[in-house]
Amino acid sequence: MPDTDGSIVFEGVEHAFGDRVVLRGVSLDIREHRVGIIGANGSGKSTLARMINALVLPQRGTVTVNGLDVRKNKRKVRRDVGFIFSDPDRQIIMPTVAEDIELSLSRIISDKAARKTRAREVLADFGLDGHADQPSHQLSGGQKQLLALAAVMVVGPSILVADEPTTMLDLRNSLMLRHTFADLSEQLVVLTHDLPMLDDFDRVIVLDDGLVVADDEPAPAIAFYRSLMGR
Ligand SMILES: Nc1ncnc2c1ncn2[C@@H]1O[C@H](COP(=O)(O)OP(=O)(O)OP(=O)(O)O)[C@@H](O)[C@H]1O
Ligand SMILES: [Mg+2]
């Protein structure tokens, strides 16, 4: 029976790009609602996160999402896992802001007029009202990040993986994002260097050179990471 209660399981995951070993045997059983992953630049966080929706497949070991091996169930897993890249240009597709949301909505709403109406509501929810007809490439970096988030959330994934979602956001929008995340019923995995963002998370995992070196509640895990970085 597939386990559909929100589980992300890594078992003995190893990965290298060419000669560069990036993950050295990671085993994790993630069932908490909100989980942070932190670690130095190049420690393997994005590689690990991309395995959750089969963007990267592990060379050794397995990754299982809601009971399904991602290697064998890419399509289903990609429907269940919304992924937000740190670079929003990678996922903004359509010429205008509203069209980008409408494209996502086309997976769940067949009526064009209903899609247009819903897209405006979604843009307002994500602080982008007034930008609906603007060319997407003209948005500021933070506005693009919000658009990418809105486009992913709107189709209702059961798991949201966000790779550095606040890098371009100003204080107001990063607080807005924190509130949005706090209200989400979806399971959330956030990779970030914005440590205060994780204060009220359920669990924080610290990666270092491809290994899990701490896995705890936010305060002790962040303290460990600070000591690792000599801070
Ligand atoms: N597609 C790729 N091809 C070759 N090397 C890669 C590729 N993706 C990542 N790497 C390498 O793998 C290592 C881990 O990268 P990764 O992006 O997982 O790190 P990260 O922990 O997310 O870092 P950051 O905090 O800087 O985002 C790095 O040394 C990187 O150069
Ligand atoms: Mg990264």
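Every number for a ligand or one of its atoms is a count from 1 in the order of the listing.
At least one N or O atom of Gly44 sits closer than 3.5 Å to an N or O atom of ligand 1. In terms of polar-atom proximity, Gly42 is counted as a contact of ligand 1, with an N or O under 3.5 Å from an N or O of the ligand.
Nearest heavy-atom pair, Phe181 versus Pro165, reported as atom, atom and distance to 0.1 Å: CE1-CG, 4.0 Å.
In this structure, the protein non-hydrogen atom closest to atom 17 (O) of ligand 1 is Ser46 CB, 3.5 Å. Taking atom 1 (N) of ligand 1 as the reference point, the nearest protein heavy-atom neighbour is Phe17 CE2, 3.7 Å. For atom 27 (O) of ligand 1, the nearest protein heavy atom (residue, atom name, distance) is Glu164 OE2, 3.2 Å. Of all protein heavy atoms, the one closest to atom 16 (P) of ligand 1 is Thr47 OG1, 3.7 Å. Protein heavy atom at the shortest distance from atom 25 (O) of ligand 1 is Lys45 NZ, 2.7 Å. For atom 26 (O) of ligand 1, the nearest protein heavy atom (residue, atom name, distance) is Asn41 ND2, 2.9 Å.
Here is the list of ligand 1 atoms found below 4.0 Å of a heavy atom in His193: 25 (O). Within the listing of ligand 1, atoms 12 (O), 13 (C), 14 (C) sit less than 4.0 angstrom from a heavy atom of Val22. Listed by number with element, the atoms of ligand 1 under 4.0 Å from a non-hydrogen atom of Arg20 are 11 (C), 29 (O).
Within the 2.8 Å limit, Ser46 places at least one N, O or S atom next to the Mg ion (ligand 2).
At a threshold of 4.5 Å between non-hydrogen side-chain atoms, the residues Ile30 and Gln187 count as touching. Contact check for Phe126 versus Ile101: no side-chain heavy atoms found under the 4.5 Å cut-off.
Classification of Arg34 and Asp200 as a salt-bridged pair holds, one side-chain N sitting under 4.0 Å from a carboxylate O. Remark: Asp111 does not engage Lys116 in a salt bridge, criterion side-chain N to carboxylate O under 4.0 Å.
Within the 4.0 Å heavy-atom shell around ligand 1 one finds Ala40.
A donor-acceptor pair shorter than 3.5 Å cannot be found between the side chains of Ser136 and Asp100. For the residue pair Ser46/Glu164, the side-chain donor-acceptor check at 3.5 Å is not satisfied.
Judged by distance alone, with hydrogens and angles left aside, the side-chain atoms of Lys45 form a donor-acceptor pair with the main-chain N or O of Ala40 at under 3.5 Å. Judged by distance alone, the side chain of His33 and the main-chain N or O of Glu186 form a donor-acceptor pair under 3.5 Å.
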